[in-house]
Asker: 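Following this message is one structure expressed as structure tokens.
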Amino acid sequence: MFALEGALARTGASRAVFGVFEASAPILVAGLFYLTTSAVWLDWPLSGLGIWLLAVAAVGGFAGPAGVWAVDALAAGLAYLLMAAIEPWVRRL
């Protein structure tokens, strides 16, 4: 992630591009991590969270450099709250 940010700086990317990248890249990395981990453990709720985070990171950038923070925070934050609520119930099954 930091290497890509350095490459963006080297190629002369604008501040708006940095804003979108800095907001969405950590969510993208977390989504990839959750998706690959869920594939190993066959954890379907975690897989759903990973797919959702990947979608949020991909679509959030279309909200612009200021709106991406709001979209990412709301969509990813609500997904984490939902997972915290359903995870104990899923584990009992």
Side-chain angles (χ1 to χ4, degrees):
M1 185 174 83
F2 297 117
L4 287 175
E5 191 170 357
L8 286 172
R10 175 98 171 132
T11 59
S14 69
R15 216 38 228 155
V17 172
F18 276 112
V20 170
F21 182 79
E22 289 173 352
S24 292
I27 295 173
L28 180 69
V29 170
L32 288 171
F33 176 75
Y34 289 143
L35 191 59
T36 55
T37 303
S38 67
V40 171
W41 297 103
L42 298 176
D43 189 356
W44 297 113
L46 191 62
S47 175
L49 177 63
I51 291 170
W52 177 255
L53 290 178
L54 290 175
V56 167
V59 175
F62 290 102
V68 68
W69 290 98
V71 170
D72 287 351
L74 287 174
L78 290 175
Y80 278 114
L81 287 174
L82 178 65
M83 281 299 292
I86 68 168
E87 190 68 23
W89 179 73
V90 171
R91 294 289 176 211
R92 285 186 292 194
L93 297 177

Asker: Nearest 0.5 Å please: distance from the CG atom of Leu82 over to the CD atom of Glu87.
Answerer: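 Leu82 CG to Glu87 CD: 10.5 Å, rounded to 0.5 Å.
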
Asker: Restricting to non-hydrogen atoms, name the atom on Ala13 and the atom on Phe18 that form the minimum distance, rounded to 0.1 Å.
Answerer: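 For Ala13 and Phe18, the tightest heavy-atom pair comes out as O-CE1, 3.7 Å.
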
Asker: Which heavy-atom pair separates Asp72 from Ala23 by the least distance, and what is that distance?
Answerer: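 Heavy atoms only, the tightest pair is OD2-O, 3.2 Å.
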
Asker: Restricting to non-hydrogen atoms, name the atom on Met1 and the atom on Pro26 that form the minimum distance, rounded to 0.1 Å.
Answerer: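 Heavy atoms of Met1 and Pro26 come nearest at SD-N, 3.7 Å.
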
Asker: For the OG1 atom of Thr37 and the CG atom of Leu32, what is their distance to the nearest 0.5 Å?
Answerer: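 The CG atom of Leu32 is 10.5 Å from OG1 of Thr37, to the nearest 0.5 Å.
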
Asker: Does atom CZ of Phe33 have more than 12 heavy-atom neighbours from other groups under 6.0 Å away?
Answerer: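 Open: at most 12 neighbouring heavy atoms sit under 6.0 Å from CZ of Phe33.
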
Asker: For residues 44-68, tabulate all N or O donor-acceptor pairs below 3.5 Å that involve a side-chain atom, not counting sequence neighbours.
Answerer:
| residue | atom | partner | partner atom | Å |
| --- | --- | --- | --- | --- |
| Trp52 | NE1 | Ala75 | O | 3.1 |

Asker: At their closest point, which heavy atom of Thr11 faces which heavy atom of Leu8, and how far apart are they?
Answerer: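 Nearest pair, atom of Thr11 first, then Leu8: OG1-O, 3.1 Å.
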
Asker: Are Tyr34 and Met83 in one and the same hydrophobic cluster, where Ile, Leu, Val, Met, Phe, Trp and Tyr link if side-chain heavy atoms are under 4.5 Å apart?
Answerer: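 Per the 4.5 Å side-chain linkage, Tyr34 and Met83 are co-clustered.
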
Asker: Does Phe2 belong to the same Ile/Leu/Val/Met/Phe/Trp/Tyr cluster as Val29, with side-chain heavy atoms less than 4.5 Å apart forming each link?
Answerer: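 Yes, it is one cluster - the side chains of Phe2 and Val29 are joined through contacts under 4.5 Å.
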
